[in-house]
Every structure is written in C-alpha cells, then in structure tokens.
Amino acid sequence: MNPLSERRFIIIGVFVLVGLVFIARLFYIQVIDDTYKLDARNQAFRYTTEFPVRGYIFDRKHKLLVYNEAAYDLMVTPKEVKELDTTDFCKLLDITKDEFLKKMKKAVQAPNSPRKPSVFEKQLSPQDYAALQERLYRFHGFFVQSRTLRKYPMKIAANMLGYIGEADKDMTERDPYYNEGDYLGVSGVEKTYEKVLRGKKGMHILMVDVNNSPKGSYMNGLYDTAAKPGLSLESTLDADLQLYGEQLMQNKVGSIVAIEPQTGEILALVTSPSYDPNLLVGRARNKNFSKLYLDTIRVPLFNRATMASYPPGSTFKLVESLIGQQEGVLTPETRYPCSAGYAPLGGHPKCEVHPSPLALYDAIGYSCNSYFSYVFKSIIENKKYHDTYVAFEAWRNIALSFNIGRKTNSDLANELRGNIPSIKYYDRIFGKGVWKASTVISLGIGQAEMGITPLQNANVATIISNKGWYYTPHIVKAINDNPNDTILNRFKVKHYTAINDTLIYNNVIEGMSHVTESGTAHLLKIEGVEYCAKTGTAQNPHGHDHSVFVAFAPKNNPKIAIAVLVENAGWGASWAGPIATLMMEKYLNGKVVRKELEKTMMDANLIDNNKTTEVKKKKK
Amino acid sequence: MERKQSNNIFSDVDWVTVLLYLLLITMGWLNIYSAVYNEDHHVITDMTQKYGKQMLWIGTSLLIALIILIIDEKFYTAFAYLIYGIFLIACIAVPFLGREVKGSRSWFRFGDFGIQPAEFMKFAANLAIAKFLSNQHIKIADYRNTIITLMIIGVPLLVIKILQDETGLAIVFVAFIFTLYREGLSVNYLLLGFLAIVLFILALLVNNIYLFLIILSLCVVATLFIRRTRKNLFAIALVGLIACGMVKGTSTVYEHMEAHQKIRIDVLLGRGTVNLKKEGYNVNQAKIAIGSGGFAGKGYLNGTQTKYDFVPEQDTDFIFCTVGEEWGFIGSSVVILLELALILKVIFMGERQRSAFSRIYGYGVASVLFFHLTVNVGMTIGLAPVIGIPLPFFSYGGSSLWSFTILLFIFIKLDSHRLSILR
C-alpha cells in the first residue's frame with residue numbers, strides 16, 4: 001500500500017470540517033439569529049389593513065339614524081413615487097403645486113416615513129375617487145384605501161350620538177388596537193359603544209417583489225384576517241319625537257329629556273343649540289369642528305341634557321314632599337301659612353299671592369315657597385333625630401336615592417354628577433355648628449347650591465310616576481337586534497329609592513294633578529290625557545331665571561316622563577311647560593292639535609334676545 | 001488479473017454514486033423551478049423558462065453519461081493529453097471566435113444555447129494530471145515534475161483568467177492542490193498556502209506593524225521549544241521571513257485587484273462601511289433569504305426573497321438561497337450532506353482503485369466538487385468572498401451540468417473497471 005494513502009485522512013478531515021462549519025453557520029443564521037427573518041418580512045411583505053364597516057344606529061321604530069358612506073383615502077409611499085406627472089396629478093386632485101410639495105414633505109417626515117404609506121389626501125368622495133381611479137396606475141407610489149364615513153339622514157340627536165375622530169398617538173399607546181389615524185368614537189353613543197360599533201380590523205399580508213409590485217397574498221391568505229363589521233345598535237330614541245323636540249327648542253337654550261318610565265328607555269334627548277351631525281364628517285370636518293368649538297355663545301357641542309347642572313328649583317318640591325311624609329313631619333292635611341313669602345325669615349324666600357294657609361296638594365299646585373320652607377325646616381328640625389345634622393344627613397340620603405347629586409350611570413358619554421351639598425361643605429362655608437335650617441332654607445325650594453341635570457330631573461319624574469323605582473336611563477335597547485346582550489344587563493336592574501310607600505307617592509301625584517287642574521299649569525291641557533306636572537322657575541345667579549317643567553302622562557299607567565328646561569326664559573309654565581306638554585301630546589296622541597301654541601313655541605327666538613347669558617358649567 | 005468480462009456495460013457501475021448524482025440533479029431542478037417560478041408558465045417542462053431548459057440539460061447530461069459509460073475506458077487514458085490539448089485550444093480561441101454576451105467572452109453561442117469551453121477544461125486538466133502523475137517513473141516530489149504538474153494546472157488557469165477574464169472559472173483549478181497533496185506534494189506547500197490566506201486576511205484587518213511583531217515573537221517562541229539545530233533555526237527564520245513578506249505583499253496584491261474584487265473582500269471581512277444597497281447587496285440578500293428560512297423553511301414555492309428577485313442570480317450561483325429559504329436548516333443541511341457524501345464517496349472509490357490513473361482522477365473529481373461546494377455555499381452564508389461559480393449539479397446552466405456530469409461519469413466508468421487491469 002502506498003504510504004501516501006494515509007494522507008487521505010487529512011483530506012477527508014478537511015472536507016468534513018468544512019461541511020461541519022457550514023452546517024454550524026447555517027444553524028446560527030437560520031435558527032438562532034432572528035434578524036434575517038425580520039428583514040425578510042420587511043422587504044417582501046406589505047401589510048394592509050381592511051377597515052370594518054361601522055355599525056348602524058337605528059331608533060326604536062327601526063328608523064335609520066346613522067349609516068355609512070364610502071370615502072377613499074389617497075395614500076402615498078414617497079419612496080415609490082417616480083416619474084410623476086405633477087401637473088397632471090395636481091389638476092386631478094385640484095391642488096396647487098405648493099400644496100402638493102407640502103403634502104409630500106409631510107409624508108416623508110416623522111412620524112411618517114418615505115418607506116411607509118401615509119395619507120396624502122383624506123376622504124375623497126366616490127365621485128373624486130372615480131375620476132382618480134382610472135388614472136391611478138400612472139401614479140406610482142399612490143394607492144387608495146377605502147374608509148367609511150358616518151352619515152345622518154335625519155340630522156338629529158347630534159350630541160347624543162356623538163362624533164368620530166381620529167386616534168392620536170396618545171390613544172395608540174393606551175390601546176394598541178388603534179393605529180394613528182384610525183377612526184374612533186370620541187363622544188356620545190359612538191364613544192360609549194365604540195367597541196361594539198367599530199367591529200374588528202382585518203389584516204392582509206401581501207407579498208411584493210424587489211420592484212415592489214404585488215405578488216398575491218402570503219400563504220394564500222393563511223395569516224390574513226378578514227375585517228369583522230361592527231354591530232348595529234337599536235336606540236331607545238323615538239326619532240320623530242326627537243325631531244319634534246329639536247324643532248320646539250330651536251333658537252332656545254336648554255334641553256328636553258323624555259323617558260319611558262316602565263323601562264328607563266330614553267325617548268328623546270334634546271339639547272339646544274345643536275348642530276347638523278353631518279358637519280363633523282368628511283373633509284370639512286376640522287373646519288366645521290373649530291367653528292362649532294369656538295362658538296362660545298351658542299356652545300353647540302355642549303350636551304346640556306347630561307352636562308349642564310341647574311338648580312332644580314320648584315321641581316324639587318316634589319322630592320321635598322316625599323321626604324317630609326317619609327320622615328313623618330308632613331301629611332296631605334298639613335297646613336302652613338304664606339304671606340307672599342316665608343314669614344319667619346322676613347318674607348324670604350318670596351312667594352306669589354295665593355290662598356293661605358294651604359295644604360299639601362294646593363301647596364304643590366301653587367308651588368308655594370313658604371310652605372316648602374316650613375316643610376324643610378320641619379324635616380331638618382325633626383324631633384326624632386335630636387340633632388339637626390343627623391336629620392340633615394337623613395334628608396340628604398333620601399334625596400340622593402332619587403339619583404340627584406350622583407351620576408345616573410347611563411350609557412350617555414360624559415355625564416355631570418349634579419350636587420346636593422353635604423354637611424362637610426356647609427361646615428366649611430359657615431363653620432361647624434354655626435349653620436342651621438334657616439341658614440340653608442333655600443334648599444327646601446331647590447335653590448342654593450343644589451344642582452341637577454335635566455336627565456336626572458326626568459329620572460325624578462320617572463321615579464314618582466313609578467311610585468318608587470326606576471331603571472337606569474339608557475339610550476340603547478338592543479345590540480345587533482339582541483336585546484339581551486350582556487352589555488345591556490345593567491339597564492335591567494330595578495333601582496329602588498329610600499321611600500317605598502306608594503301612599504306617599506300617591507299624595508304627591510295628587511298634588512301634581514292639582515298643578516295641571518288648578519295650579520301653575522292649569523292653562524296647559526292635553527286633549528284626552530290627564531297628566532301630572534310640576535312647574536319650576538330656577539333662580540339663576542348669572543341672569544334671568546330658567547324655565548323648568550317636569551311631568552308624566554297619563555296620570556294612570558304613565559307612558560312618558562319628561563323634564564324640560566329653557567334657560568333664561570322665566571316662568572316654568574310659560575316656556576318649559578308648553579314644550580313639555582306638546583312633546584307628551586305628540587308622543588301619546590301621535591299628533592298635536594294645539595297648532596297655535598306649537599307655532600308660537602317653534603318660532604320663538606330666545607337666544608338673540610338674550611345674548612349676554614351664559615350656561616352655568618360646573619366642573620365634574 | 002483478468003476478470004471475466006461482462007457483456008453488460010452497467011455491471012460494476014457504482015450505483016450509489018449514480019443515485020446520489022440523480023438525487024442532486026433532481027433536487028437542483030426542482031429548486032430552479034421554485035427560484036424562477038412564474039405563474040404564467042407554471043409547467044416545469046415549459047421550454048421558454050429556465051426550468052424547462054434545465055430539463056433539457058439534464059436529459060442531455062444523462063445521454064452524455066450513457067455515452068461515457070459505453071466508450072471503452074482505455075479511451076480516456078489514451079487520449080488524455082489530446083483532450084487536454086483540444087480544450088486548451090478552445091479556451092484560447094473562444095475570446096477571439098465566440099460572440100460577446102453580456103460582456104463575457106467565454107461563450108460559444110448556438111442560437112438560444114451557449115457553451116463555455118472553460119467548464120470542460122476541468123475534466124480535461126484532471127485527465128492530463130492523472131495521466132502525467134500515474135506514469136510509474138514520475139515522482140511528484142521531484143522538483144521538475146512539480147513544475148510540470150503545476151503547469152498543467154496553471155496554463156488553463158491563466159488562459160481563462162487573462163484571456164477570458166473569468167475569475168470564477170479560473171480559480172477552480174486551485175482545487176487540484178488536494179490531488180497533488182495526495183500524490184506526494186510536500187505538505188509545506190499546503191501549509192504555505194494556508195498561511196498565505198490567513199496572513200492576507202489578517203494583514204487587511206490588523207495594523208501590519210503588530211503582525212510583524214507577532215510573527216517575530218512566534219519565531220522566538222518556536223526556537224525555545226524545538227531543538228536548536230542549525231537546520232531548524234534556518235527553517236524558522238525562513239518561515240518568518242516568508243510570513244513577513246506575505247504581510248508586506250498583501251497591500252500590493254490588494255491594490256492591484258479590480259475594484260469589484262476589493263469590494264467583495266471588504267464585504268466578506270466587514271472592512272470599512274459596507275453599503276447594503278450597493279456593494280453589500282448580494283451577500284446581505286443571500287443571508288436574508290437563507291436566514292429567513294428558519295429551521296424547517298417556508299415550504300416549497302413559498303420563498304419570497306428568492307422568488308421575488310430580491311436575491312440576484314438566484315437560479316445559478318445563488319441557488320443555495322432558494323434551498324435555505326424554502327427548506328430551512330433541515331433542507332440546506334441535507335444538501336450540504338448529500339454533496340459531501342458524494343465527494344467522500346468519490347474519495348473512497350478513489351482509494352479502492354488499483355490503477356494510479358483512476359485514483360488520481362478520482363481525487364481530482366472530489367477536489368473540484370469540494371472547491372465548488374465550499375466557495376459557492378460559503379459566499380451565500382458570508383464565509384467566502386463572492387466568486388461566481390456554480391453549486392455542482394444544482395445551479396442552472398448547461399455547460400456546468402455537462403461538465404460535472406462528464407467529470408463524474410468518466411470516474412464512474414474508470415471505477416467500474418477497477419478490477420479488470422492494472423494501468
């Protein structure tokens with residue numbers, strides 16, 4: 001044997017060694033090192049988002065309130081733009097060359113990047129898109145992403161429905177579902193039910209070749225997800241009643257809240273002045289938004305029905321009557337005198353001239369301030385507590401159980417708490433042990449620091465009509481045609497107040513009947529309907545008194561409870577009353593026969609006469 | 001010893017080797033299909049596409065293999081020098097007679113198809129080396145014979161490099177150093193060659209002053225550990241001087257390289273700033289493609305980096321990227337192991353030859369295949385500079401497939417007669 005043949009082992013050794021080194025190296029770059037996988041994805045994949053269709057919103061009779069319209073975002077990937085006929089392109093989009101350059105610059109700069117597609121022109125209409133689409137192939141680097149825009153056929157309930165905005169950086173950090181520029185509900189129902197309405201975004205992975213031309217979907221779409229359309233909402237709103245309410249409230253400042261007492265369903269939620277919700281959609285959105293936002297006189301973006309807190313005024317006398325009876329210091333026969341005011345404090349609070357002394361029904365009927373000052377004093381100085389402050393606390397707790405001074409927890413975004421002042425508060429103002437019933441006597445007639453939102457006031461009317469219970473007021477009754485969706489469970493829980501004796505309620509309801517028969521609202525009749533009401537004239541430290549009216553109808557087996565407030569309009573019976581009775585007439589009778597009154601109300605312009613007044617906005 | 005002559009030319013053919021060959025060309029063909037996959041021409045036999053053409057090359061290769069097996073084995077020994085001469089002349093002639101295609105002057109064109117004579121120079125040179133060294137009177141250790149052997153290798157190398165400007169095709173001839181080592185070339189040549197490569201790399205990466213100091217201190221250390229005879233001291237001094245000379249020479253060699261070669265070396269060694277969009281593009285894309293394959297790969301025809309042209313030359317020199325991307329670590333390891341298995345099989349077959357000619361030829365086959373495998377796979381995974389040579393039996397191309405087939409099957413033919421005579 002050739003001794004040189006030993007050398008074959010060296011050669012074989014070298015060959016095998018090289019093979020092993022290669023396999024080790026492959027193991028490193030293929031299995032251990034992940035950077036190449038990432039690079040490959042970045043190069044060969046283009047991720048496109050499929051935006052779901054947002055859920056529709058219907059009213060309680062399945063009338064369409066909100067639907068969608070197609071719009072198209074023109075996207076640009078600056079790095080892929082080449083051989084662009086700028087003049088032609090600008091002409092097609094109806095922009096100047098300067099605007100073009102500005103938009104391109106924006107698309108290149110952070111947070112955008114030359115490699116990343118970003119929006120070049122937002123929300124083109126279907127017509128503009130049609131014109132563009134034919135020639136889009138000539139504009140390398142541009143493509144169109146379809147979006148949906150909200151559309152409001154009836155132009156009503158703008159503040160209640162809310163509007164759509166774009167997710168900003170803050171939002172994307174809080175909720176990674178969103179990317180910057182995604183649409184989301186910012187206010188109203190759109191915000192509360194965002195997760196239901198939005199659906200789920202879909203993702204498509206598209207493969208591209210070295211020239212960035214699409215090569216079909218990755219793995220035949222194995223990793224793609226389809227967009228899930230948003231679910232529809234059935235609102236509790238009665239669109240016709242809502243529209244009627246908005247017409248009645250036009251050129252007035254204030255709100256109407258109507259609730260179906262048996263269910264807590266909100267039938268109408270009017271805030272005025274309002275706006276056409278279609279203004280906050282599409283390319284003019286930002287311009288319109290700042291216009292509405294900067295309108296500090298009319299404040300159309302402010303939802304007074306839930307966000308404005310007013311002194312309840314005389315409407316609080318109803319709760320006062322209930323508490324007095326519950327605490328055993330008041331019966332329907334209890335009589336107090338009135339000398340055009342509350343005599344013990346030198347005629348303050350003041351009152352109108354009416355028969356005196358008088359019992360409970362008439363006191364409610366005439367809305368006697370003196371009477372309810374006596375009642376309040378008797379509650380606070382109730383012997384059974386031996387202590388004014390304990391009695392005050394008891395009074396306050398019962399009032400709180402009527403959902404005054406705390407949020408109703410409805411599904412309306414942004415709700416104000418309202419206020420019933422606490423002992424702590426008065427201790428701070430007047431000093432511990434210094435203040436007594438006479439110090440805070442105006443609480444008895446719903447003035448002083450008391451605050452209530454129109455929604456809460458309507459809920460109080462609901463409670464009285466139900467004789468002691470209510471469902472949390474709400475605006476959505478079914479999700480995707482399913483009224484038993486778990487999201488709505490909290491609206492199926494019956495809440496009881498601290499007063500559960502129906503006799504007590506009957507007495508107050510009788511008093512409210514007096515209001516419409518012989519009392520402050522005796523001029524306001526609804527044909528064929530016996531109803532219960534209470535007028536209010538809320539003293540307003542900032543200007544003219546607010547006109548307030550709460551009511552429910554019919555007296556037996558009520559179908560609607562309502563609270564109306566017209567700012568700076570004076571007597572409750574002169575503005576809020578007529579509007580409330582017209583609403584009830586419309587809802588219960590289906591038509592209004594008091595055409596004269598209707599016309600007067602609709603035509604009245606209380607804003608331009610009274611520009612100096614301002615809404616009293618309280619911080620949450 | 002005269003063995004009973006069989007009537008069948010296929011008796012004694014080493015079927016394992018043939019099977020490995022068939023396996024590799026089939027896998028190669030399937031990967032070419034995937035690399036240039038085109039939905040409009042999805043039939044693998046579509047002759048307008050490279051996979052269709054490769055099928056033609058495979059068919060003709062099998063025909064050539066058959067012819068080689070039919071031809072009497074004495075033909076290859078008898079005409080070894082003649083074959084060498086004919087192809088050498090073809091190599092010299094092609095730059096003058098052939099048509100220039102894409103700046104390359106190494107092709108004879110026949111319509112759509114082309115032939116590169118330089119590819120066939122490999123087996124021709126291998127035959128000539130085997131013929132020369134198998135002469136019983138020749139000892140390679142002889143100074144004169146070493147020169148002649150190196151000339152058999154060096155002349156085609158220089159012709160192809162200088163006349164045709166095909167660095168990849170030329171540099172393959174360096175592979176025969178393994179054959180020469182097996183046949184008795186002093187190990188010092190190999191070590192010197194190895195030293196030269198190591199020092200070349202170091203000289204480009206490390207300040208030369210440090211290298212000189214390191215070489216000096218290594219020489220001093222060496223003197224402490226060996227018997228300090230005059231001969232040993234002289235050898236150490238000589239090695240030290242040669243090493244220093246190599247370091248010094250590196251910059252000169254580097255400066256005289258062509259720009260793209262300098263860049264390829266820079267990319268490999270990571271010298272300076274490598275722009276991944278320009279000079280670093282190929283290697284980076286190759287690594288992305290292979291690296292993104294992961295453990296099990298993306299699946300056949302599901303590669304994105306190779307199919308969508310991110311990797312250049314993905315059907316020829318960078319075919320291994322398709323393997324790496326679509327078949328992952330498993331697939332690429334299998335390909336390396338198969339290639340290596342074929343190479344080692346050839347070595348084992350070589351060692352069982354009685355005839356020196358057959359053995360030497362066999363080592364030549366193994367050396368050439370190994371060199372291709374090392375450089376081709378090495379460049380795609382960033383372990384070797386980019387030199388445009390194909391992966392044996394895998395890469396698209398008629399000339400290379402024919403050339404490898406001829407190279408291998410002459411040996412299979414010789415092997416099938418290993419017991420018949422002593423040449």
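First the proteins, then the strands, lettered A, B, ... as listed; each starts at 1.
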Contacting moiety of B/Phe370, where chain A heavy atoms sit under 4.5 Å: side chain
B/Leu344 versus chain A, the contacting section by heavy-atom distance below 4.5 Å: side chain
Aromatic ring pairing B/Tyr33/B/Tyr37, orientation class (parallel under 30°, perpendicular over 60°, tilted between): perpendicular
Per-residue contact mode, B/Leu340 against chain A (heavy atom under 4.5 angstrom): side chain
A/Gln30 (side chain) donor-acceptor with B/Gly293 (main chain) under 3.5 angstrom: no
Per-residue contact mode, B/Phe320 against chain A (heavy atom under 4.5 angstrom): side chain
Close side-chain approach of A/Ser146 and A/Phe51, heavy atoms under 4.5 Å: no
Geometric class of the B/Phe404/B/His372 ring pair [parallel <30°, tilted 30-60°, perpendicular >60°]: perpendicular
Side-chain heavy atoms of A/Ile23 within contact of B/Phe329, under 4.5 Å: yes
Side chain to side chain contact (heavy atoms under 4.5 Å, CB included) evaluation trace for B/Phe394 with B/Glu339: CA-CA 10 Å; B/Phe394 246 78; B/Glu339 293 267 4; 4.0 Å; yes
Sequence neighbours excluded - salt bridge (charged side-chain N to carboxylate O under 4.0 Å, His left out) pairs with any residue from residues 9-36 of chain A: A/Asp34-A/Lys37
Charged N-O contact under 4.0 Å between A/Arg283 and A/Glu121: yes
Inter-chain contacts: residues 12-19 of chain A against chain B, heavy atoms under 4.5 Å: A/Ile12, A/Val14, A/Phe15, A/Val16, A/Val18, A/Gly19
Proximity breakdown for B/Leu337 and chain A, heavy-atom pairs closer than 4.5 Å: side chain
B/Phe348 versus chain A, the contacting section by heavy-atom distance below 4.5 Å: side chain
